[in-house]
A.B. asks: 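Input: one structure, supplied below.
Residue numbers begin at 1 in each chain, while the letters A, B, ... track the order of the sequences. Values reported hereafter were calculated over all heavy atoms of this structure, with side chains retained and with hydrogens, waters and symmetry mates removed.
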2 protein chains.
Amino acid sequence: MGLKERKERDRQEMKETILQSAHQLFVDKGFDDVSIRNIAEAIEYSPATIYLYFKDKNEIFYALHGEAFKKFNEFLAPLATVKDPFKRLIKMGELYMEFTFKFPKYYDIMFIMQAPMDCDVNSKEWKEGESAHSQLENVVNECQLQGYFKGKEYKTLSFLIWSTMHGMCSLALRDRLKIYEEQERSKMIDKSFKMFKQILSEL
Amino acid sequence: MGLKERKERDRQEMKETILQSAHQLFVDKGFDDVSIRNIAEAIEYSPATIYLYFKDKNEIFYALHGEAFKKFNEFLAPLATVKDPFKRLIKMGELYMEFTFKFPKYYDIMFIMQAPMDCDVNSKEWKEGESAHSQLENVVNECQLQGYFKGKEYKTLSFLIWSTMHGMCSLALRDRLKIYEEQERSKMIDKSFKMFKQILSEL
DNA sequence: AAAAATAATAAACAGTGTTCATTTTAATAA
DNA sequence: TTATTAAAATGAACACTGTTTATTATTTTT
């Protein structure tokens, strides 16, 4: 009687196949430059078949969005070994930045791209994203227990820290540093990040 | 003998007409959702005509990009009346934020959208953008002369300040604050901006 | 083996940016 | 004023896009 189950398994496998192809193309070219037809061609199915497994391109967006956050959370795994909360916060920033420039297309989909309105706040993809964020809030909170960031609301400060990191990363990714000389440019991110860390340590 | 000149004037007028239509549509719908055909229809010309005045859609992007920065610089005009450099810096941040949420489509094109690689660094559109940025660096520099931000490179700090403002604004514009409760969300930007101003004052 | 259910697809629709041969309009010369 | 030349505008096409639907092929069930 394992028929229904096998059917369901096949279905999940097909979804997985589609997503793997989408993933591959997407990492190379970015979401907007990958068409349904591209994905279909890669898996040697017709474009219409994609629509039997995903409602529309947005649904693929969300799947990749979730995948990106999962990858991001894995990327943050080394944090577990850092006991001191402030050091962990700093390390977190460093990993954030490393991830950004190592997987720019993922960063794009995670934080920059116009995300479709209708997202399911209860999906496991969403939880994956929430996890990363609460990890930040937790470490900031822990810092406060150790005497850092006195008199500052940890949630607000967390958002401010995230904003700063995101600002630097997204301006770089979206080529808004051309106001700086070629040489200056590459070091601007490093220098400002260094300054940011210093400011945090004196807060 | 003013024939060549009139021709050139007509040409500029037509470019202006196209740009005005593009502008209007764009402010409503955003760049990606405005097609060449939309613009053509609005000015009652054929789509092909647009290409007699603009090389491609990117060239229209740049024109609007320049326009946005011009508008932004005008928006910053009130700064001239603020003598104290630190107060001026704060006011600049407030205007930056106000501009962002008043003209989100412009902000998008200025700082978020993937800008085409081939931009002319010597164009007047570009200078307009540079002006806003050097205004920031100048005011930060002036702050230092008054004793603020001791021991910090003003250019680096300027970028860090910009990054923070951009981070908050762009995360909000791109709907990345859904991790916060509906009620909390609307106040998060205000609270973090307030905290940022406080941090700056103690730097 | 026939009937019912499922899966895959070809073809079409309405849209996109862009190009080019053709036609219309305007300026010049006879 | 008319014929010729130069400029401006366009219709139609190309190669794409996301998406839908009627049709065909494949399984599963009777």
A.B. asks: In Å, rounded to the nearest 0.5 Å, how long is the span from CZ of B/R88 to SG of B/C143?
C.D. replies: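 Between B/R88 CZ and B/C143 SG, I get 7.5 Å after rounding to 0.5 Å.
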A.B. asks: In whole Å, what is the span from the CG atom of B/D10 to the P atom of C/dT25?
C.D. replies: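 Going from CG in B/D10 over to P in C/dT25 covers 17 Å.
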A.B. asks: Taking OP1 and OP2 of C/dA8, is either one under 4.0 Å from a side-chain nitrogen or oxygen of A/Y53?
C.D. replies: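 The answer is yes; a side-chain N or O of A/Y53 sits under 4.0 Å from OP1 or OP2.
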A.B. asks: For the pair made of CG in A/D32 and C1' in C/dG17, what is the distance, rounded to whole Å?
C.D. replies: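 Spelled out: CG on A/D32 to C1' on C/dG17 is 15 Å.
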A.B. asks: Report the distance from atom NZ of A/K57 to atom P of D/dT20, rounded to the nearest whole Å.
C.D. replies: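 Whole-Å distance recorded here is 15 Å.
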A.B. asks: Tell me whether the side-chain N/O atoms of A/S35 come closer than 4.0 Å to OP1 or OP2 in D/dT17.
C.D. replies: yes
A.B. asks: Is the distance from OP1 or OP2 of C/dT9 to the nearest side-chain N or O of A/S46 less than 4.0 Å?
C.D. replies: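 For A/S46, the contact criterion (side-chain N or O under 4.0 Å from OP1 or OP2 of C/dT9) is met.
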A.B. asks: Atom CD1 of A/I60 and atom C1' of D/dG18: how far apart are they, to the nearest Å?
C.D. replies: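 Atom-to-atom, A/I60 to D/dG18, this comes out as 11 Å.
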A.B. asks: Just how far, in rounded Å, is P of C/dG15 from NZ of B/K29?
C.D. replies: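 Rounding to the nearest Å, NZ of B/K29 and P of C/dG15 are 11 Å apart.
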A.B. asks: Test the A/K57-A/F31 pair against the cation-pi criterion, namely NZ or CZ under 6.0 angstrom from the six-membered ring centroid and within 45° of the ring axis.
C.D. replies: yes
A.B. asks: Whole angstroms only, please: what is the CZ-P distance between A/R37 and D/dT19?
C.D. replies: 11 Å
A.B. asks: If you draw the axis of the six-membered ring of A/F193, does the NZ or CZ of A/K197 fall within 45° of it and under 6.0 Å from the ring centre?
C.D. replies: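 Positive - A/K197 is close enough to the ring of A/F193 and near enough to its axis.
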A.B. asks: Taking the nucleotide of DNA chain D with the nearest heavy atom to each, does B/T49 or A/V34 sit closer to the 5' end?
C.D. replies: B/T49
A.B. asks: Measure CG/B/L52 against C1'/C/dT23 and give the value in whole Å, please.
C.D. replies: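 In whole Å, C/dT23 C1' and B/L52 CG are 14 Å from each other.
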A.B. asks: Figure out the OH/P separation between A/Y45 and D/dT24, and round it to whole Å.
C.D. replies: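 Distance check: A/Y45 OH to D/dT24 P gives 21 Å.
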A.B. asks: Decide whether a cation-pi geometry holds between A/K15 and A/F54; the criteria are a distance under 6.0 Å from NZ or CZ to the six-membered ring centre and an angle within 45° of the ring axis.
C.D. replies: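 Here A/K15 passes the 6.0 Å and 45° test against A/F54.
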